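Residue numbers begin at 1 in each chain, while the letters A, B, ... track the order of the sequences. A quick note: this is a predicted structure, and the numbers were derived from the prediction, not measured.
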Protein chains: 2
Amino acid sequence: MTKAPPRRAKIQDVAEAAGVAIKTVSRVLNNEPNVREETRQRVLAIVKKLNYHPSLSARSLAGRRSFLIGLIYENPSANYIVDVQHGAMARCREDRFQLLMHQVTGKGEEMERDVLGLVDQTHLDGLIVTAPLSESVDLMRALDRRALPFVRVAPNDAPHPTPYVDMDDAGAAREMTEYLIGLGHRRIGFIVGHPDHFASGQRLVGYQAALAAHGIEFQERYVRQGYFIFESGMEAARELLTQADPPTAIFASNDDMAAGVLMAAHELGFSVPERLSVAGFDDTYIAKTVWPRLTTVHQPTYDLAYTATNLLLQMLQTGAAPQSMRLGYRLVCRASTAVVHK
Amino acid sequence: MTKAPPRRAKIQDVAEAAGVAIKTVSRVLNNEPNVREETRQRVLAIVKKLNYHPSLSARSLAGRRSFLIGLIYENPSANYIVDVQHGAMARCREDRFQLLMHQVTGKGEEMERDVLGLVDQTHLDGLIVTAPLSESVDLMRALDRRALPFVRVAPNDAPHPTPYVDMDDAGAAREMTEYLIGLGHRRIGFIVGHPDHFASGQRLVGYQAALAAHGIEFQERYVRQGYFIFESGMEAARELLTQADPPTAIFASNDDMAAGVLMAAHELGFSVPERLSVAGFDDTYIAKTVWPRLTTVHQPTYDLAYTATNLLLQMLQTGAAPQSMRLGYRLVCRASTAVVHK
DNA sequence: AGACAAATTGACAACGTTGTCACGGCTATG
DNA sequence: CATAGCCGTGACAACGTTGTCAATTTGTCT
């Protein structure tokens with residue numbers, strides 16, 4: 001019954017079985033040139049037969065790289081970060097890299113220590129930095145000092161030679177605002193995202209640009225500061241809706257806050273979308289599960305992460321920094337917005 | 001300006017600076033006994049001064065363990081899995097283990113190949129298996145064959161010597177059902193969870209037990225099969241609500257499905273909780289963001305994962321399988337349930 | 001003081017790969 | 001027909017730790 005667990009095959013076993021030197025096996029496994037096709041096939045057959053898998057540790061030690069990539073994030077909504085994780089994971093699998101997720105604790109120096117601790121302990125080959133961590137100049141400098149390749153899934157606020165992947169936040173926000181204007185709305189509330197995020201400012205810029213383009217006066221009283229979380233959206237909406245001449249539409253800088261707006265609207269008796277239109281941003285899972293379903297900007301979260309990981313792997317292989325990329329968005333019109341009420 | 005990136009300190013550098021052998025440094029770093037306190041302090045000082053961090057690869061290679069733990073999951077809701085991840089991550093950090101998340105693709109044999117591929121390639125020290133993967137007897141056997149320690153975050157349906165961490169699904173479901181009965185409901189709909197999950201059956205058992213205890217006849221027509229996702233809850237609720245004598249309350253086996261029930265109720269004009277009470281299960285983020293907020297069972301997701309990881313690390317250190325554990329739940333009564341309408 | 005046990009330390013060989021370099025055989029070139 | 005160069009291959013030394021075991025120091029008991 002109890003069979004001793006079979007010893008793991010090592011490169012030597014494969015080499016002996018194939019009648020070649022271990023170095024040749026190594027060459028085959030790493031797709032190095034200068035191996036005769038016949039030899040390559042013979043080795044591959046044995047590898048399969050023995051179910052041989054090279055030891056990550058040995059490879060790392062000898063090859064001076066860990067095949068480990070880090071993904072650091074601060075405190076995003078679960079739906080968002082899971083998409084990011086899966087995008088990065090998918091790309092890593094293609095090249096047999098492993099992904100180490102790391103939720104960063106603290107701010108400022110404490111945050112830096114946390115990240116550098118991870119980097120030092122695990123000897124990562126590269127790092128994927130999500131917003132708003134990507135906005136810390138100090139962190140980027142520290143990573144440079146360690147000569148650690150990294151890419152950012154975030155808009156490039158502070159110019160840095162490192163590549164990044166982003167989307168046109170300002171353009172998307174402008175388009176959404178224009179959509180609301182097109183529905184006849186003139187008093188449009190806006191809830192700003194977390195001040196630590198560069199994207200927050202960009203989305204505000206887009207909102208303002210749309211108003212200006214349509215000759216609508218920008219009014220401070222229709223703008224509130226939020227923090228990308230549900231409660232902050234609810235709170236902001238309460239303030240916006242309880243003033244005289246309340247907005248007929250509210251555009252929140254992400255879906256979580258937009259869901260908060262819905263909650264406040266329900267509490268205050270504003271029916272959506274009859275008396276109040278609500279728009280979100282991101283198109284995360286929550287947008288489809290609240291009632292009414294949210295009109296929002298679809299952000300290609302999965303693809304952003306996949307692409308960022310792709311750039312990072314390119315960097316590791318070529319040693320050179322590839323071009324940054326900007327991915328597209330698209331408006332998703334659902335049930336939370338409608339033509340303005342009389 | 002451009003300073004050559006300083007070579008990483010290695011154990012030899014520490015040893016020389018401290019005037020001891022590398023083995024002594026190794027002993028200090030691994031908290032091994034038989035090092036004089038004075039020596040220990042001297043070494044630690046140098047370690048700090050040089051910002052020395054042992055190489056994971058070298059440690060793994062020499063020590064024959066990877067300090068890597070896998071966490072595999074299938075396709076759970078984002079809110080749930082993020083809690084699991086963070087619970088496991090927190091415990092890993094305490095012992096300087098790293099966590100490798102892995103979303104499993106496929107079912108049956110394909111799923112097994114996927115998991116074993118991960119295990120073989122990374123040479124994991126241990127694995128955390130979440131439901132419903134934990135229900136595959138074949139997978140568990142395969143892990144045994146590889147002599148890989150693992151724990152399950154799931155109820156123990158198929159007895160296996162490996163420890164698990166779970167909660168009392170049947171008891172919780174029974175309590176929630178009794179709460180609804182206490183509100184005067186007699187026609188209580190129930191949406192079963194995904195059939196692959198053992199917990200689904202347990203929750204149904206709890207529902208049935210509550211009905212029986214209060215002399216309420218169990219009726220098939222008030223029960224529908226769901227799949228733990230939003231759409232399936234919505235679909236099931238549509239069916240339940242459009243029959244003659246529809247239920248006055250619906251208990252969904254998780255929050256995502258309960259949110260779907262709310263959506264269906266809105267569509268069909270059933271106001272919640274006035275005409276229909278709705279209860280969920282899990283107490284994930286979604287329960288607090290839908291309107292009305294969901295009455296649900298709080299499941300200690302984070303703690304389940306933390307505890308499971310703790311058991312796994314104990315296993316790795318002692319070599320023996322520790323006791324399985326059962327954690328507590330609690331009813332969270334919010335706005336989606338009310339006394340039955342006339 | 002001497003003898004023995006325990007605590008502390010070090011030398012050296014693993015661990016399983018990849019990098020470097022050398023070697024023989026073959027092909028193309030003059 | 002010699003010669004240079006490339007291709008395919010292998011021998012062997014890293015890589016930076018931990019495990020083993022022997023050597024040395026320290027402590028304890030007569």
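Atom CZ of A:Arg27 is separated from atom C1' of C:dT18 by 10 Å (rounded to the nearest Å). Between B:Leu56 atom CG and C:dC15 atom C1' there is a gap of 15 Å when expressed in whole angstrom units. Here the P atom of nucleotide D:dT17 and the CZ atom of B:Arg65 are 15 Å apart, to the nearest Å. Between B:Ile22 atom CD1 and D:dG19 atom C1' there is a gap of 12 Å when expressed in whole angstrom units. Regarding A:Arg8, its CZ atom lies at a distance of 11 Å from the P atom of C:dG16, rounded to whole Å. At whole-Å resolution of the value, CD1 in B:Ile11 and P in D:dG19 are 11 Å apart. To the nearest angstrom, C1' of C:dA11 lies 12 Å from CD of B:Gln12. Per the geometry, CG belonging to A:Leu29 stands 7 Å off P belonging to C:dT18, to the nearest Å.
Between C:dT9 and B:Asn34, no contact under 4.0 Å exists linking OP1 or OP2 to a side-chain N or O. For A:Ser26, a side-chain nitrogen or oxygen approaches OP1 or OP2 of C:dT18 to under 4.0 Å. For D:dT9, the OP1/OP2 oxygens have no side-chain nitrogen or oxygen of A:Thr24 closer than 4.0 Å.
Residue-level contact check: A:Lys23 touches the bases, meaning some heavy atom is under 4.0 Å from a base atom.
Side-chain contact between B:Val84 and B:Ile128: absent, with no pair of heavy atoms (C-beta onward) separated by less than 4.5 Å. Contact check for A:Val115 versus A:Leu133: no side-chain heavy atoms found under the 4.5 Å cut-off. A:Pro149 places a side-chain heavy atom less than 4.5 Å from the side chain of A:Leu316.
The side chain of A:Asn30 lies closest to C:dT18, out of C:dT17, D:dT17, C:dT18. Comparing C:dG10, C:dC15, D:dG16 against the side chain of B:Arg64 picks out C:dC15 as the nearest. Side-chain proximity of A:Val35 to the nucleotides C:dC15, C:dT18, D:dT9 is greatest for D:dT9.
The cationic group of A:Arg96 does not satisfy the cation-pi geometry with A:Phe67, failing either the under 6.0 Å distance to the six-membered ring centre or the 45° limit from the ring axis.
The nearest heavy atom of DNA chain D to B:Glu32 and to A:Ala21 marks one nucleotide each, and the one closer to the 5' end goes with A:Ala21.
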Could you walk me through whether A:Asp166 and A:Arg152 pass the salt bridge (Lys or Arg N to Asp or Glu O under 4.0 Å) test, one step at a time?
-> CA-CA 8 Å; A:Asp166 76 349; A:Arg152 290 162 291 162; over 6 Å; no
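Atom CE of B:Met89 and atom CG of A:Leu100 lie 9.0 Å apart (nearest 0.5 Å).
A donor atom on one side chain and an acceptor atom on the other are found under 3.5 Å apart for A:Gln317 and A:Asp95.
Of the residues in residues 36-45 of chain B, those placing a heavy atom less than 4.0 Å from an atom of DNA chain C are B:Arg36, B:Thr39, in numerical order.
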